[in-house]
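These notes are about the structure you will find just below.
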Protein chains: 2
Amino acid sequence: MSKLLDACSQTLMETAPQIMQAIRVEMRRGRGSDISIPQFRAMRFIQRYPDSSLSSLAEHLGLTPPSVSKLVDGLVNQKLILRGRSPEDRRKITLSVTTTGSAIVNSARINARSTLAEKMKNLSDSDLRSILQAMQLLHLIFNDQGK
Amino acid sequence: MSKLLDACSQTLMETAPQIMQAIRVEMRRGRGSDISIPQFRAMRFIQRYPDSSLSSLAEHLGLTPPSVSKLVDGLVNQKLILRGRSPEDRRKITLSVTTTGSAIVNSARINARSTLAEKMKNLSDSDLRSILQAMQLLHLIFNDQGK
DNA sequence: TCTAATAGTTAGAAAGGCTAATTAATTATG
DNA sequence: CATAATTAATTAGCCTTTCTAACTATTAGA
């Protein structure tokens, strides 16, 4: 086991929670667009894959179907997404984002993004490139929980 | 606002939750050493700063004092940490990790670290260096919630 | 057709946050 | 020096998020 690999794992464990904290805080000050990170991630997924089923969403989020069913309940109640039934297989549901939902998810994204950007604004271009590259690597590796 | 900065923020928002998910999953399969991420982070902090107070811990975790008081309750009940009173200022508590606590936090750390390492093992050294550098930069920036 | 498997939901419990109010100890002030 | 203000931590009460287990409805298969 290489020292380098070890150092990477170590620093990932320390840093990832801090970044999450910053994102979470920022998501919470959307003035009316007060959604949690799982809710945000769910809506992003549904935006990307319209008419997706509950189970595919659950898999993406890394949560159990009952948890996601509740999460979906919440979003439906807030009229941010729609829950329909699939014509082909009537056991399945089809999820889609409403206009309101789109507006809120976009404003949350812009808020969070600009605060993250604010924190990183003093970094050099070369530092930023290194962060971008690292994140892209990690994104590939950890996509869908390495399943 | 630079394209680069924007791309960084974007990818951070997508990737950080996925990394967290992987760490969380791994933390949960400690066979008896079943602790949450906030609990893990708390114990790591107390290990690093023995006799630390509740408020300094709360600040490190980015949580409110009542939340941390509960979290500490849980760890004390499991006999993973000790809660004493400071001799100098008797309002303050002094936190320390027990032998059992140390064993558990170390095994959780080793578990999580080796799974992260497993996922990254196919990366080149140059990729790993880029991840390490990026994480160190981000660690500095997001340390203590940019307060 | 009757049984298996699959998709989602419901019920109920535990954990982890929060704010507001409380207790105890220390510091500052009239 | 006595009392007021501040500080450290806890308690109380609430809400949200997650889980497992059990249930309903639909489809697929023997």
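In what follows, chains carry the letters A, B, and so on, assigned in the order in which the sequence lines appear, proteins first and then strands, with residues in each chain numbered from 1.
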If every non-hydrogen atom of A/R85 is compared with every non-hydrogen atom of A/T94, which pair is closest and at what distance?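 Smallest heavy-atom distance, with atoms named: N-OG1, 4.1 Å.
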
List the atom of B/G101, the atom of B/M43, and the distance in Å for their closest heavy-atom pair.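 Heavy atoms of B/G101 and B/M43 come nearest at O-CE, 3.3 Å.
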
CA sep, side-chain torsions, deciding dist, call: B/L12, A/M120, side chain to side chain contact (heavy atoms under 4.5 Å, CB included): CA-CA 11 Å; B/L12 259 182; A/M120 295 188 285; 3.8 Å; yes

Interatomic distance, [X] [atom1] vs [N] [atom2] [rounded to whole Å]:
X: B/R41; N: C/dG16; atom1: CZ; atom2: C1'; result: 14 Å
X: A/R90; N: C/dT9; atom1: CZ; atom2: P; result: 14 Å
X: A/L75; N: D/dT17; atom1: CG; atom2: P; result: 9 Å
X: B/R85; N: C/dA25; atom1: CZ; atom2: P; result: 7 Å
X: B/I35; N: C/dG16; atom1: CD1; atom2: P; result: 11 Å
X: B/D89; N: D/dT7; atom1: CG; atom2: P; result: 12 Å
X: B/I37; N: C/dA15; atom1: CD1; atom2: P; result: 16 Å
X: B/D73; N: C/dA14; atom1: CG; atom2: C1'; result: 15 Å

Per the atom types in the model, does the base of [N] pair as donor or acceptor with the side chain of [X] at under 3.5 Å?
X: A/K92; N: C/dG8; result: no
X: B/R91; N: D/dT7; result: yes
X: A/K70; N: D/dT18; result: yes

Between B/S102 and B/T99, is there a side-chain donor-acceptor contact under 3.5 Å, judged purely by atom types and distance?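 B/T99 vs B/S102: no donor-acceptor pair found between side chains.
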
Kindly say if [X] contacts the phosphate of [N], meaning a side-chain N or O under 4.0 Å from OP1 or OP2.
X: A/S67; N: D/dC19; answer: yes
X: A/S55; N: C/dG8; answer: yes
X: B/S69; N: D/dA9; answer: no
X: A/T64; N: D/dT18; answer: no

First encountered from the 5' end of DNA chain C, between B/P65 and B/E88: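 This one resolves to B/P65.
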
Does B/R90 have more than 12 heavy atoms from other residues, nucleotides or ligands lying within 6.0 Å of its CZ?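 Not more than 12 within 6.0 Å, no.
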
Only pairs with both distances under 3.5 Å count, Watson-Crick or wobble alike; so what is the partner of D/dA9 in this structure?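 Partner of D/dA9: C/dT22.
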
Mate of C/dA4 where both pairing distances stay under 3.5 Å, Watson-Crick or G-U: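 Pairing partner, where one exists within any strand: none, as none qualifies.
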
What nucleotide among [options] has an atom nearest to a side-chain atom of [X]?
X: B/L54; options: D/dT27, C/dG17, D/dA9; value: D/dA9
X: B/P38; options: D/dT17, D/dT20, C/dG17; value: C/dG17
X: A/I93; options: D/dT17, C/dA20, C/dG8; value: C/dG8

Touch check for A/R83, heavy atoms < 4.0 angstrom, all strands: base, sugar-phosphate only, or nothing?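 Result for A/R83 = sugar-phosphate.
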
With DNA chain D as reference, determine whether A/P66 or A/P87 sits nearer its 5' end, using the nearest nucleotide of each.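 Result: A/P66.
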
Under a 3.5 Å distance rule, please check whether A/Q133 uses its side chain to pair with a backbone N or O of A/S130 as donor and acceptor.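 No, because the side chain of A/Q133 does not come within donor-acceptor range (under 3.5 Å) of the backbone of A/S130.
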
If the glycosidic angle is within 90 degrees of 0 it's syn, otherwise anti, so just tell me which one C/dA4 is.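 Syn.
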
